[in-house]
Amino acid sequence: MFFVPRFRAFAAVAALTAAAAIAHAQQALPNVVILATGGTIAGAGASAANSATYAAAKVPVDKLIAGLPEISKVANVRGEQVFQIASESFTNDNLMGLAKRVSALSKQADVDGIVITHGTDTLEETAYFLNLVVRTSKPIVVVGSMRPGTALSADGALNLYDAVNVAASKDASGKGVLVTMNDEIQSGRDVSKVVNIKTEAFKSQWGPLGMVVEGKNYWFRAPVKRHTTQSEFNIDEITALPAVDIVYGYGNVPSTAIDALGKSGVKALVHAGTGNGSVADRIVPVLQKLRGDGVQIIRSSRVSDGFVIRNAEQPDDKYDWVTAHDLKPQKARILAMVALTKTNDSKELQRIFWEY
Ligand code: DAS
């Protein structure tokens, strides 16, 4: 009988010690906030066989976190539901609201990294926007999925696990906004969705920055273009984004779309030309007139890889046009909007397109 009270006391001390050790270990983990915006990663289909037929933006962030208990060993994770939309429906207001929330959280001492769950359709635009305007070196990781969580071989859980691991990693700091998809760590500037129905959907022509395997990051290169803390842009100083739209070049193209956008009051027009950003001869004078009316002309290309060379296919100096460098039209639009919040000088714009 003598041993029972002592054993009970010992067991109580052991339990308290274990609880304290767990609490200490949990305290030692980084703090990661998941901002949820919708998309397929929050999608749900009618059956496991539905990998392409499903409704996006259905599952709330707390359910996404509860469905992935493994992340509690990686970081102290909490979620915020910023939006619940399919990303093809993102607006400039959504972009601004999300970026301002990311910026505010990045200033908090109790936030070590931020994950944004997002639809894959415009994920590349949001990732680039954040890369340009959020002044932090803390890891910001944008993540999506190509299949809903209800589908066979769903990719969202591992993509999200990878994103939390990268966002919790000190070695992910200072690399700009990152995207984790399909085991790869991509630069938010360089990456685009290049396949619409495969899990290996996100590529950069310059390659990924690295890979994440079983929660460990393997880095192979670092970004060279300006981003985050090196940026001259700051979401905290931006109150609105100017209208910038895109027109597409192709055989027999009329000027109808350009005429309409010119009348709509765009501040810049991105021309997604053929080849090296070529412009049809009948379209050149239409763009020159717009330029004369004060609209900036950004010459991009519909071709997936390579980069538009200034004064090659078109006399850009003579026309006072800007070339989009290696940026795809949808990325050129993001940079043009941000740049126009600071300057409307075409030579300054061209510098910005070289540097970002
Ligand atoms: N509609 C797509 C989107 O929300 C679904 C997805 O792939 O995330 O971007």
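First listed ligand is number 1; within each ligand, the first listed atom is number 1.
Side-chain polar atoms of Gln314 and Asp316 form no donor-acceptor pair below 3.5 angstrom.
Inclusion of Thr120 in the set of residues having an N or O under 3.5 Å from an N or O of ligand 1 is warranted. Ligand 1 has no N or O atom lying under 3.5 Å from any N or O atom of Thr122, backbone or side chain.
The single protein non-hydrogen atom nearest to atom 6 (C) of ligand 1 is Thr40 OG1, 2.5 Å, given as residue, atom name and distance. Nearest protein heavy-atom neighbour of atom 1 (N) of ligand 1: Glu88 OE1, 2.7 Å. Remark: minimum distance from atom 9 (O) of ligand 1 to any protein heavy atom is reached at Ser87 OG, 2.5 Å.
Note on Lys193 versus Glu124: no salt bridge recorded, every NZ/NE/NH1/NH2 to OD/OE distance being 4.0 Å or above. Ion pair Asp190/Arg221 flagged as a salt bridge, since at least one NZ, NE, NH1 or NH2 atom sits closer than 4.0 Å to an Asp/Glu carboxylate oxygen.
Applying the side-chain hydrogen bond (donor to acceptor under 3.5 Å, both in side chains) rule to pairs touching residues 160-169 yields Ser169-Asn217, sequence neighbours excluded.
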Donor-acceptor contacts, no H, no angles, side chain residues 242-259, under 3.5 Å, sequence neighbours left out:
residue	atom	partner	partner atom	Å
Ser255	OG	Asp259	OD2	2.9

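Close contacts of ligand 1 with Gly39, meaning ligand atoms under 4.0 Å from a residue heavy atom, involve 4 (O), 8 (O).
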